Participant: 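First, the structure itself, so that you have it in front of you.
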Protein chains: 2
Amino acid sequence: VVNASPDLRQQILDNGALHPRRGKRDSPIAAVLLTNGDVDHIAGLLSLREGHRFAVYATRRVLGILQENSIFNVLDPALVDRRPIDLGRGFAVTDADGQPTGIHAEPFAVPGKVALFREDPGAGPGYGTEPEDTIGLALAAGGPAAFYVPGCAEVRPDLATRLRGAPLLLFDGTLWRDDEMILAGVGRKTGRRMGHVSMSGPEGSLARLAGLGIGRRIFVHLNNSNPALLADSPERAAVTAAGWEVAEDGMRIAL
Amino acid sequence: VVNASPDLRQQILDNGALHPRRGKRDSPIAAVLLTNGDVDHIAGLLSLREGHRFAVYATRRVLGILQENSIFNVLDPALVDRRPIDLGRGFAVTDADGQPTGIHAEPFAVPGKVALFREDPGAGPGYGTEPEDTIGLALAAGGPAAFYVPGCAEVRPDLATRLRGAPLLLFDGTLWRDDEMILAGVGRKTGRRMGHVSMSGPEGSLARLAGLGIGRRIFVHLNNSNPALLADSPERAAVTAAGWEVAEDGMRIAL
(Lines give C-alpha, C1' and ligand atoms only; values in the text may rest on other atoms or scores of the structure.)
Protein backbone atom coordinates (compact mmCIF):
# COMPACT_ATOMS: atom_id res chain seq x y z
CA VAL A 1 0.00 0.00 0.00
CA VAL A 2 1.54 3.29 -1.07
CA ASN A 3 0.25 6.37 0.72
CA ALA A 4 -2.07 8.22 -1.58
CA SER A 5 -1.66 11.81 -0.36
CA PRO A 6 -0.95 14.33 -3.16
CA ASP A 7 2.45 15.18 -1.65
CA LEU A 8 3.57 11.60 -1.52
CA ARG A 9 2.19 10.87 -4.97
CA GLN A 10 4.28 13.77 -6.30
CA GLN A 11 7.35 12.46 -4.49
CA ILE A 12 6.84 9.09 -6.14
CA LEU A 13 6.55 10.71 -9.55
CA ASP A 14 9.61 12.89 -8.89
CA ASN A 15 11.90 10.34 -7.34
CA GLY A 16 10.73 6.99 -8.57
CA ALA A 17 9.03 4.65 -6.11
CA LEU A 18 12.16 2.59 -5.57
CA HIS A 19 14.40 5.32 -4.16
CA PRO A 20 14.61 5.43 -0.37
CA ARG A 21 13.37 8.72 1.00
CA ARG A 22 14.00 8.60 4.73
CA GLY A 23 17.27 6.71 5.01
CA LYS A 24 19.56 4.31 3.23
CA ARG A 25 17.32 1.30 3.81
CA ASP A 26 13.91 2.97 3.64
CA SER A 27 11.04 1.57 1.62
CA PRO A 28 7.79 3.18 0.46
CA ILE A 29 5.87 0.13 1.73
CA ALA A 30 3.96 1.30 4.81
CA ALA A 31 1.63 -1.68 5.10
CA VAL A 32 1.00 -5.08 3.56
CA LEU A 33 -2.52 -6.50 3.23
CA LEU A 34 -2.59 -10.25 2.71
CA THR A 35 -5.54 -11.78 0.87
CA ASN A 36 -4.42 -15.41 1.19
CA GLY A 37 -1.95 -17.61 3.06
CA ASP A 38 -0.50 -19.42 0.09
CA VAL A 39 3.18 -19.26 -0.69
CA ASP A 40 2.82 -16.77 -3.56
CA HIS A 41 1.07 -14.36 -1.20
CA ILE A 42 3.27 -14.59 1.87
CA ALA A 43 6.79 -15.65 0.81
CA GLY A 44 7.52 -12.09 -0.40
CA LEU A 45 7.46 -11.00 3.23
CA LEU A 46 10.77 -12.83 3.63
CA SER A 47 12.39 -10.27 1.30
CA LEU A 48 11.28 -7.33 3.47
CA ARG A 49 13.11 -8.52 6.53
CA GLU A 50 15.22 -6.92 9.23
CA GLY A 51 14.95 -3.27 10.02
CA HIS A 52 12.03 -2.41 7.77
CA ARG A 53 9.09 -1.00 9.75
CA PHE A 54 5.64 -1.74 8.36
CA ALA A 55 2.29 -3.23 9.27
CA VAL A 56 0.85 -6.57 8.13
CA TYR A 57 -2.92 -6.88 7.92
CA ALA A 58 -4.54 -10.29 7.47
CA THR A 59 -7.35 -12.46 8.73
CA ARG A 60 -6.69 -14.42 11.91
CA ARG A 61 -6.60 -17.51 9.73
CA VAL A 62 -3.71 -16.17 7.64
CA LEU A 63 -1.93 -14.58 10.62
CA GLY A 64 -2.08 -18.07 12.14
CA ILE A 65 -0.05 -19.40 9.21
CA LEU A 66 2.61 -16.74 9.80
CA GLN A 67 2.53 -17.56 13.49
CA GLU A 68 3.04 -21.28 13.02
CA ASN A 69 5.95 -20.76 10.61
CA SER A 70 8.90 -19.50 12.64
CA ILE A 71 10.70 -18.31 9.50
CA PHE A 72 8.40 -15.26 9.51
CA ASN A 73 10.09 -14.17 12.74
CA VAL A 74 12.68 -12.59 10.43
CA LEU A 75 10.05 -9.84 10.55
CA ASP A 76 11.10 -8.40 13.92
CA PRO A 77 7.95 -8.06 16.08
CA ALA A 78 9.36 -4.78 17.41
CA LEU A 79 9.24 -3.35 13.89
CA VAL A 80 6.49 -5.21 12.06
CA ASP A 81 3.04 -5.04 13.58
CA ARG A 82 0.70 -7.95 12.73
CA ARG A 83 -2.91 -6.81 12.75
CA PRO A 84 -5.95 -9.07 12.50
CA ILE A 85 -8.80 -7.93 10.27
CA ASP A 86 -12.45 -8.94 10.30
CA LEU A 87 -14.57 -9.84 7.29
CA GLY A 88 -17.03 -7.05 6.52
CA ARG A 89 -15.41 -4.56 8.85
CA GLY A 90 -13.68 -1.62 7.18
CA PHE A 91 -10.61 0.01 8.69
CA ALA A 92 -8.15 2.85 8.10
CA VAL A 93 -4.81 1.45 6.97
CA THR A 94 -2.02 2.90 9.09
CA ASP A 95 1.72 2.42 9.05
CA ALA A 96 3.82 0.78 11.78
CA ASP A 97 3.58 3.98 13.87
CA GLY A 98 -0.19 4.20 13.51
CA GLN A 99 0.07 7.11 11.09
CA PRO A 100 -2.67 7.12 8.44
CA THR A 101 -1.75 6.07 4.91
CA GLY A 102 -4.88 7.70 3.54
CA ILE A 103 -6.30 4.34 2.48
CA HIS A 104 -9.43 2.71 3.82
CA ALA A 105 -9.84 -1.04 3.36
CA GLU A 106 -12.70 -3.45 3.77
CA PRO A 107 -12.10 -7.22 3.55
CA PHE A 108 -14.73 -9.64 2.29
CA ALA A 109 -14.74 -13.40 1.74
CA VAL A 110 -14.48 -14.85 -1.76
CA PRO A 111 -14.58 -18.51 -2.79
CA GLY A 112 -11.12 -19.96 -2.31
CA LYS A 113 -9.27 -22.74 -0.65
CA VAL A 114 -6.89 -23.61 2.15
CA ALA A 115 -3.20 -22.89 1.43
CA LEU A 116 -1.63 -25.67 -0.64
CA PHE A 117 0.98 -26.47 1.98
CA ARG A 118 -1.69 -26.90 4.64
CA GLU A 119 -3.86 -29.26 2.61
CA ASP A 120 -4.50 -32.64 4.18
CA PRO A 121 -3.70 -35.13 1.39
CA GLY A 122 -6.11 -37.65 2.88
CA ALA A 123 -9.02 -35.25 3.15
CA GLY A 124 -9.43 -34.22 -0.49
CA PRO A 125 -9.49 -30.74 -1.98
CA GLY A 126 -11.16 -28.02 -0.02
CA TYR A 127 -10.51 -29.68 3.31
CA GLY A 128 -10.56 -27.14 6.09
CA THR A 129 -11.47 -24.25 3.79
CA GLU A 130 -12.88 -21.35 5.75
CA PRO A 131 -14.18 -17.92 4.73
CA GLU A 132 -10.97 -16.36 6.01
CA ASP A 133 -8.75 -18.39 3.66
CA THR A 134 -9.21 -16.12 0.66
CA ILE A 135 -10.47 -12.57 0.75
CA GLY A 136 -11.00 -9.64 -1.55
CA LEU A 137 -10.37 -6.03 -0.54
CA ALA A 138 -12.29 -2.83 -1.18
CA LEU A 139 -9.70 -0.04 -1.17
CA ALA A 140 -10.57 3.65 -1.08
CA ALA A 141 -8.55 6.85 -0.76
CA GLY A 142 -11.33 9.39 -0.28
CA GLY A 143 -13.24 8.38 -3.40
CA PRO A 144 -15.28 5.32 -4.36
CA ALA A 145 -13.68 1.98 -3.57
CA ALA A 146 -11.49 0.04 -5.97
CA PHE A 147 -11.42 -3.75 -5.62
CA TYR A 148 -8.49 -6.12 -5.32
CA VAL A 149 -9.40 -9.79 -5.78
CA PRO A 150 -6.24 -11.68 -6.82
CA GLY A 151 -7.64 -15.12 -6.02
CA CYS A 152 -11.22 -16.23 -6.60
CA ALA A 153 -12.55 -19.71 -7.31
CA GLU A 154 -15.96 -18.66 -8.62
CA VAL A 155 -17.79 -15.44 -9.52
CA ARG A 156 -21.00 -15.75 -7.54
CA PRO A 157 -23.88 -13.26 -7.76
CA ASP A 158 -23.01 -11.61 -4.43
CA LEU A 159 -19.53 -10.77 -5.71
CA ALA A 160 -20.90 -9.39 -8.99
CA THR A 161 -23.30 -7.21 -7.02
CA ARG A 162 -20.51 -5.91 -4.82
CA LEU A 163 -18.34 -4.96 -7.80
CA ARG A 164 -21.10 -3.21 -9.76
CA GLY A 165 -20.13 0.35 -10.75
CA ALA A 166 -16.66 0.20 -9.17
CA PRO A 167 -14.12 2.55 -10.77
CA LEU A 168 -11.37 -0.10 -10.74
CA LEU A 169 -11.06 -3.87 -10.36
CA LEU A 170 -7.88 -5.96 -10.12
CA PHE A 171 -8.98 -9.57 -10.56
CA ASP A 172 -7.64 -13.14 -10.56
CA GLY A 173 -6.36 -13.89 -14.07
CA THR A 174 -4.52 -17.13 -13.28
CA LEU A 175 -5.79 -19.24 -16.19
CA TRP A 176 -7.48 -18.77 -19.53
CA ARG A 177 -9.20 -22.13 -19.34
CA ASP A 178 -9.67 -24.55 -16.48
CA ASP A 179 -7.57 -27.42 -17.90
CA GLU A 180 -4.85 -25.44 -19.66
CA MET A 181 -2.00 -26.63 -17.43
CA ILE A 182 -2.94 -30.25 -18.05
CA LEU A 183 -3.28 -29.67 -21.80
CA ALA A 184 0.10 -27.91 -21.91
CA GLY A 185 1.72 -30.74 -19.98
CA VAL A 186 2.97 -28.44 -17.23
CA GLY A 187 0.73 -29.53 -14.37
CA ARG A 188 -1.80 -32.00 -13.10
CA LYS A 189 -4.32 -29.57 -11.65
CA THR A 190 -7.31 -27.71 -12.95
CA GLY A 191 -7.91 -24.08 -12.08
CA ARG A 192 -10.89 -25.13 -10.01
CA ARG A 193 -8.66 -27.47 -7.99
CA MET A 194 -6.27 -24.57 -7.36
CA GLY A 195 -9.02 -22.17 -6.34
CA HIS A 196 -8.98 -20.01 -9.48
CA VAL A 197 -11.85 -19.27 -11.84
CA SER A 198 -10.75 -19.10 -15.47
CA MET A 199 -11.11 -16.08 -17.77
CA SER A 200 -13.00 -17.90 -20.53
CA GLY A 201 -16.19 -19.94 -20.68
CA PRO A 202 -19.77 -19.26 -19.59
CA GLU A 203 -18.79 -19.29 -15.90
CA GLY A 204 -15.51 -17.46 -16.51
CA SER A 205 -14.62 -14.02 -15.24
CA LEU A 206 -14.96 -12.32 -18.64
CA ALA A 207 -18.60 -13.47 -18.90
CA ARG A 208 -19.57 -13.15 -15.26
CA LEU A 209 -18.05 -9.72 -14.76
CA ALA A 210 -19.43 -8.19 -17.99
CA GLY A 211 -22.11 -5.52 -17.99
CA LEU A 212 -21.50 -4.41 -14.40
CA GLY A 213 -20.36 -0.89 -15.30
CA ILE A 214 -16.91 -1.38 -13.80
CA GLY A 215 -14.62 1.43 -14.93
CA ARG A 216 -11.24 -0.19 -15.34
CA ARG A 217 -10.70 -3.96 -15.20
CA ILE A 218 -7.21 -5.38 -14.88
CA PHE A 219 -6.22 -9.04 -14.70
CA VAL A 220 -3.48 -9.82 -12.16
CA HIS A 221 -1.88 -13.05 -10.88
CA LEU A 222 -1.57 -14.60 -14.36
CA ASN A 223 0.01 -18.03 -14.56
CA ASN A 224 2.72 -18.41 -17.19
CA SER A 225 0.54 -20.97 -18.99
CA ASN A 226 -2.11 -18.31 -19.70
CA PRO A 227 -1.99 -17.39 -23.41
CA ALA A 228 -3.52 -13.97 -22.59
CA LEU A 229 -0.02 -13.05 -21.37
CA LEU A 230 1.11 -12.98 -25.00
CA ALA A 231 0.47 -9.58 -26.53
CA ASP A 232 -0.31 -11.05 -29.97
CA SER A 233 -2.50 -14.02 -28.94
CA PRO A 234 -6.19 -14.42 -29.83
CA GLU A 235 -6.87 -14.78 -26.11
CA ARG A 236 -5.28 -11.38 -25.41
CA ALA A 237 -7.37 -9.91 -28.23
CA ALA A 238 -10.49 -11.35 -26.60
CA VAL A 239 -9.49 -9.90 -23.23
CA THR A 240 -8.89 -6.48 -24.77
CA ALA A 241 -12.12 -6.62 -26.78
CA ALA A 242 -13.99 -7.31 -23.54
CA GLY A 243 -12.54 -4.10 -22.09
CA TRP A 244 -9.97 -5.69 -19.81
CA GLU A 245 -6.24 -4.99 -19.37
CA VAL A 246 -3.46 -7.35 -18.38
CA ALA A 247 -1.23 -6.10 -15.55
CA GLU A 248 2.48 -5.57 -16.17
CA ASP A 249 5.49 -5.41 -13.87
CA GLY A 250 6.06 -1.87 -12.68
CA MET A 251 2.46 -0.82 -13.25
CA ARG A 252 1.41 2.13 -11.08
CA ILE A 253 -2.13 2.77 -9.95
CA ALA A 254 -3.30 5.98 -8.25
CA LEU A 255 -6.50 5.65 -6.25
CA VAL B 1 24.60 -29.05 -7.63
CA VAL B 2 25.03 -29.46 -11.35
CA ASN B 3 26.10 -32.90 -12.50
CA ALA B 4 29.74 -32.83 -13.45
CA SER B 5 29.88 -35.55 -16.11
CA PRO B 6 31.55 -34.46 -19.36
CA ASP B 7 28.35 -35.10 -21.32
CA LEU B 8 26.26 -32.93 -19.08
CA ARG B 9 28.92 -30.26 -18.94
CA GLN B 10 28.85 -30.15 -22.73
CA GLN B 11 25.06 -29.93 -22.70
CA ILE B 12 25.26 -26.98 -20.35
CA LEU B 13 27.76 -25.26 -22.60
CA ASP B 14 25.66 -26.01 -25.68
CA ASN B 15 22.25 -25.15 -24.33
CA GLY B 16 22.77 -22.76 -21.47
CA ALA B 17 22.09 -23.97 -17.98
CA LEU B 18 18.70 -22.29 -17.83
CA HIS B 19 17.05 -24.16 -20.70
CA PRO B 20 14.89 -27.10 -19.68
CA ARG B 21 16.19 -30.33 -21.16
CA ARG B 22 13.65 -32.98 -20.20
CA GLY B 23 10.33 -31.16 -20.33
CA LYS B 24 8.68 -27.76 -20.22
CA ARG B 25 9.24 -27.32 -16.48
CA ASP B 26 12.53 -29.14 -16.07
CA SER B 27 15.44 -27.70 -14.12
CA PRO B 28 19.12 -28.68 -14.05
CA ILE B 29 19.03 -28.66 -10.24
CA ALA B 30 19.31 -32.31 -9.17
CA ALA B 31 20.08 -31.69 -5.51
CA VAL B 32 20.31 -28.87 -2.99
CA LEU B 33 22.83 -28.95 -0.14
CA LEU B 34 22.00 -26.56 2.69
CA THR B 35 24.81 -25.21 4.85
CA ASN B 36 22.63 -23.19 7.23
CA GLY B 37 18.99 -22.75 8.28
CA ASP B 38 18.83 -18.98 7.98
CA VAL B 39 16.37 -17.30 5.67
CA ASP B 40 18.93 -16.47 2.97
CA HIS B 41 19.84 -20.17 2.74
CA ILE B 42 16.41 -21.79 2.77
CA ALA B 43 13.84 -19.31 1.41
CA GLY B 44 15.01 -20.00 -2.15
CA LEU B 45 13.49 -23.46 -1.82
CA LEU B 46 10.08 -21.78 -1.99
CA SER B 47 10.83 -20.78 -5.59
CA LEU B 48 11.50 -24.39 -6.64
CA ARG B 49 8.07 -25.57 -5.67
CA GLU B 50 5.49 -27.90 -7.15
CA GLY B 51 6.43 -30.53 -9.62
CA HIS B 52 10.21 -30.15 -9.49
CA ARG B 53 11.95 -33.36 -8.44
CA PHE B 54 15.17 -32.97 -6.50
CA ALA B 55 16.89 -33.95 -3.28
CA VAL B 56 17.57 -31.72 -0.27
CA TYR B 57 20.58 -32.57 1.90
CA ALA B 58 21.03 -30.90 5.29
CA THR B 59 21.94 -31.61 8.88
CA ARG B 60 19.13 -32.87 11.12
CA ARG B 61 19.22 -29.49 12.80
CA VAL B 62 18.45 -27.65 9.54
CA LEU B 63 15.99 -30.29 8.32
CA GLY B 64 14.19 -29.69 11.63
CA ILE B 65 13.71 -26.05 10.67
CA LEU B 66 12.12 -27.10 7.37
CA GLN B 67 9.99 -29.59 9.26
CA GLU B 68 8.67 -27.08 11.78
CA ASN B 69 7.80 -24.57 9.05
CA SER B 70 4.79 -25.93 7.17
CA ILE B 71 5.37 -23.52 4.28
CA PHE B 72 8.12 -25.87 3.07
CA ASN B 73 5.45 -28.46 2.38
CA VAL B 74 5.10 -26.68 -0.97
CA LEU B 75 7.99 -29.03 -1.72
CA ASP B 76 5.85 -32.12 -2.31
CA PRO B 77 7.33 -34.98 -0.23
CA ALA B 78 6.54 -37.32 -3.12
CA LEU B 79 8.92 -35.34 -5.33
CA VAL B 80 11.47 -33.77 -3.00
CA ASP B 81 13.47 -36.14 -0.84
CA ARG B 82 14.86 -34.66 2.39
CA ARG B 83 18.07 -36.41 3.39
CA PRO B 84 19.92 -35.96 6.69
CA ILE B 85 23.70 -35.68 6.56
CA ASP B 86 26.25 -36.30 9.30
CA LEU B 87 29.22 -34.11 10.13
CA GLY B 88 32.45 -35.74 8.99
CA ARG B 89 30.73 -38.41 6.94
CA GLY B 90 31.14 -38.11 3.16
CA PHE B 91 28.43 -39.22 0.76
CA ALA B 92 27.69 -39.48 -2.95
CA VAL B 93 25.19 -36.81 -3.97
CA THR B 94 22.32 -38.39 -5.90
CA ASP B 95 19.23 -36.94 -7.49
CA ALA B 96 15.63 -37.58 -6.40
CA ASP B 97 15.72 -40.97 -8.10
CA GLY B 98 18.96 -41.99 -6.44
CA GLN B 99 20.94 -41.54 -9.66
CA PRO B 100 24.51 -40.30 -9.10
CA THR B 101 25.29 -36.68 -9.89
CA GLY B 102 29.00 -37.44 -9.96
CA ILE B 103 29.61 -35.27 -6.92
CA HIS B 104 30.89 -36.44 -3.55
CA ALA B 105 30.27 -34.21 -0.53
CA GLU B 106 31.57 -34.13 3.00
CA PRO B 107 30.05 -31.77 5.57
CA PHE B 108 32.03 -30.31 8.45
CA ALA B 109 31.16 -27.91 11.24
CA VAL B 110 32.32 -24.29 11.11
CA PRO B 111 31.79 -21.55 13.70
CA GLY B 112 28.34 -20.09 13.19
CA LYS B 113 25.11 -19.34 14.95
CA VAL B 114 21.51 -20.37 15.30
CA ALA B 115 19.19 -19.04 12.56
CA LEU B 116 18.16 -15.43 13.27
CA PHE B 117 14.47 -16.27 13.38
CA ARG B 118 15.07 -18.97 15.98
CA GLU B 119 17.09 -16.80 18.32
CA ASP B 120 15.74 -16.42 21.82
CA PRO B 121 15.80 -12.65 22.42
CA GLY B 122 16.11 -13.23 26.17
CA ALA B 123 19.02 -15.64 25.89
CA GLY B 124 21.62 -13.47 24.15
CA PRO B 125 23.53 -14.16 20.94
CA GLY B 126 24.67 -17.68 20.31
CA TYR B 127 21.87 -19.20 22.35
CA GLY B 128 21.27 -22.76 21.28
CA THR B 129 24.09 -22.74 18.74
CA GLU B 130 25.08 -26.26 17.82
CA PRO B 131 27.72 -27.67 15.47
CA GLU B 132 24.99 -28.51 12.97
CA ASP B 133 23.82 -24.89 12.64
CA THR B 134 26.47 -23.87 10.12
CA ILE B 135 28.53 -26.22 8.01
CA GLY B 136 31.06 -26.14 5.23
CA LEU B 137 31.18 -28.65 2.39
CA ALA B 138 34.04 -30.43 0.68
CA LEU B 139 32.85 -31.11 -2.87
CA ALA B 140 34.65 -33.41 -5.28
CA ALA B 141 33.91 -34.74 -8.75
CA GLY B 142 36.62 -37.33 -9.12
CA GLY B 143 39.49 -34.97 -8.33
CA PRO B 144 40.62 -33.18 -5.19
CA ALA B 145 37.88 -31.52 -3.14
CA ALA B 146 36.81 -27.92 -3.54
CA PHE B 147 35.38 -26.18 -0.48
CA TYR B 148 32.16 -24.24 -0.06
CA VAL B 149 31.97 -22.21 3.16
CA PRO B 150 29.42 -19.41 2.64
CA GLY B 151 29.01 -18.65 6.34
CA CYS B 152 31.82 -18.73 8.90
CA ALA B 153 32.17 -16.73 12.11
CA GLU B 154 35.89 -17.30 12.67
CA VAL B 155 38.80 -18.87 10.79
CA ARG B 156 40.21 -21.26 13.36
CA PRO B 157 43.39 -23.30 12.85
CA ASP B 158 41.47 -26.53 12.17
CA LEU B 159 39.66 -24.88 9.26
CA ALA B 160 42.88 -23.45 7.83
CA THR B 161 44.44 -26.90 8.03
CA ARG B 162 41.49 -28.45 6.24
CA LEU B 163 41.63 -25.94 3.39
CA ARG B 164 45.41 -26.18 2.84
CA GLY B 165 46.23 -26.97 -0.79
CA ALA B 166 42.63 -27.09 -1.98
CA PRO B 167 42.19 -26.29 -5.69
CA LEU B 168 39.17 -24.05 -5.04
CA LEU B 169 37.51 -22.27 -2.11
CA LEU B 170 34.23 -20.36 -2.06
CA PHE B 171 34.21 -18.43 1.20
CA ASP B 172 32.02 -16.13 3.32
CA GLY B 173 32.59 -12.56 2.09
CA THR B 174 29.73 -10.88 3.94
CA LEU B 175 31.59 -7.87 5.34
CA TRP B 176 34.84 -6.01 4.77
CA ARG B 177 35.07 -4.90 8.41
CA ASP B 178 33.17 -6.02 11.47
CA ASP B 179 31.35 -2.73 12.17
CA GLU B 180 30.72 -1.55 8.61
CA MET B 181 26.93 -1.80 8.78
CA ILE B 182 26.88 0.33 11.92
CA LEU B 183 29.29 2.88 10.43
CA ALA B 184 27.21 3.09 7.25
CA GLY B 185 24.03 3.55 9.24
CA VAL B 186 22.31 0.54 7.65
CA GLY B 187 22.26 -1.84 10.61
CA ARG B 188 22.86 -2.30 14.30
CA LYS B 189 24.83 -5.52 14.17
CA THR B 190 28.47 -6.40 13.86
CA GLY B 191 29.61 -9.20 11.60
CA ARG B 192 30.58 -11.20 14.67
CA ARG B 193 27.03 -10.84 15.98
CA MET B 194 25.70 -12.15 12.65
CA GLY B 195 28.10 -15.09 12.53
CA HIS B 196 30.37 -13.75 9.79
CA VAL B 197 34.12 -13.18 9.94
CA SER B 198 35.22 -10.04 8.06
CA MET B 199 37.63 -9.95 5.13
CA SER B 200 39.99 -7.39 6.66
CA GLY B 201 41.95 -7.18 9.90
CA PRO B 202 44.44 -9.50 11.59
CA GLU B 203 41.74 -12.10 12.29
CA GLY B 204 40.02 -11.56 8.93
CA SER B 205 39.74 -14.13 6.18
CA LEU B 206 42.32 -12.44 3.92
CA ALA B 207 44.96 -12.76 6.64
CA ARG B 208 43.93 -16.11 8.08
CA LEU B 209 43.56 -17.85 4.73
CA ALA B 210 46.80 -16.53 3.22
CA GLY B 211 49.75 -18.80 2.51
CA LEU B 212 47.77 -22.02 2.48
CA GLY B 213 48.41 -22.81 -1.16
CA ILE B 214 44.73 -22.70 -2.11
CA GLY B 215 44.41 -22.58 -5.91
CA ARG B 216 41.43 -20.34 -6.54
CA ARG B 217 39.75 -18.30 -3.79
CA ILE B 218 36.38 -16.70 -4.41
CA PHE B 219 34.34 -14.60 -1.98
CA VAL B 220 30.59 -15.33 -2.00
CA HIS B 221 27.64 -14.14 0.13
CA LEU B 222 28.74 -10.47 0.06
CA ASN B 223 26.53 -8.00 1.86
CA ASN B 224 25.62 -4.88 -0.10
CA SER B 225 27.48 -2.79 2.47
CA ASN B 226 30.79 -4.46 1.54
CA PRO B 227 32.93 -1.99 -0.46
CA ALA B 228 34.77 -4.92 -2.08
CA LEU B 229 31.65 -5.30 -4.25
CA LEU B 230 32.68 -2.12 -6.08
CA ALA B 231 35.07 -2.92 -8.92
CA ASP B 232 36.99 0.33 -8.45
CA SER B 233 37.26 0.43 -4.65
CA PRO B 234 40.55 0.22 -2.69
CA GLU B 235 39.03 -2.75 -0.84
CA ARG B 236 38.47 -4.62 -4.11
CA ALA B 237 42.05 -3.80 -5.09
CA ALA B 238 43.23 -5.29 -1.80
CA VAL B 239 41.13 -8.41 -2.38
CA THR B 240 42.54 -8.82 -5.87
CA ALA B 241 46.09 -8.16 -4.72
CA ALA B 242 45.66 -10.94 -2.15
CA GLY B 243 44.76 -13.33 -4.95
CA TRP B 244 41.02 -13.51 -4.33
CA GLU B 245 38.07 -13.09 -6.70
CA VAL B 246 34.60 -11.73 -5.96
CA ALA B 247 31.75 -13.94 -7.20
CA GLU B 248 29.29 -12.60 -9.76
CA ASP B 249 25.75 -13.55 -10.72
CA GLY B 250 25.78 -16.22 -13.40
CA MET B 251 29.27 -17.45 -12.52
CA ARG B 252 29.90 -21.05 -13.58
CA ILE B 253 32.31 -23.37 -11.87
CA ALA B 254 33.35 -26.76 -13.24
CA LEU B 255 34.76 -29.19 -10.67
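No experiment lies behind these values; they were computed from the predicted model shown. Naming convention: chains lettered A, B, ... in sequence-line order (proteins, then strands); numbering from 1 in each chain. Scope of the values below: all heavy atoms of this structure, side chains included, with no hydrogens, waters or symmetry mates.
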Participant: Scan for side chain to side chain donor-acceptor pair (under 3.5 Å) pairs involving residues 219-228 of chain A, sequence neighbours excluded, and state none if there are none.
Facilitator: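 Matches after skipping sequence neighbours: A/Asp40-A/His221, A/Thr174-A/His221, A/Glu180-A/Ser225, A/Asn223-A/Ser225, A/Asn224-B/Arg25.
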
Participant: Any pair with a residue in residues 73-82 of chain A that passes salt bridge (Lys or Arg N to Asp or Glu O under 4.0 Å), sequence neighbours left out, goes on the list, sorted by first then second residue, please.
Facilitator: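 Counting only pairs at least two positions apart or across chains, the salt bridge (Lys or Arg N to Asp or Glu O under 4.0 Å) contacts touching residues 73-82 of chain A are A/Asp81-A/Arg83.
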
Participant: Quick check on A/Arg53: does its CZ atom have over 12 non-hydrogen neighbours (other residues, nucleotides or ligands) under 6.0 Å away?
Facilitator: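 Yes, because the 6.0 Å sphere around CZ of A/Arg53 holds more than 12 heavy atoms from other groups.
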
Participant: Rounded to the nearest 0.5 Å, how far apart are OG of B/Ser70 and CD of A/Glu68?
Facilitator: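 Output value for this atom pair is 4.0 Å.
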
Participant: Only one of B/Asn69, B/Leu46, B/Ile71, B/Leu75 passes side-chain contact (heavy atoms from CB on, under 4.5 Å) with A/Phe117; say which it is.
Facilitator: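 Result for side-chain contact (heavy atoms from CB on, under 4.5 Å) with A/Phe117: B/Ile71.
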
Participant: What part of B/Ile42 gets within 4.5 angstrom of chain A, counting heavy atoms only: side chain, backbone, both, or neither?
Facilitator: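 Just its side chain gets close to chain A.
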
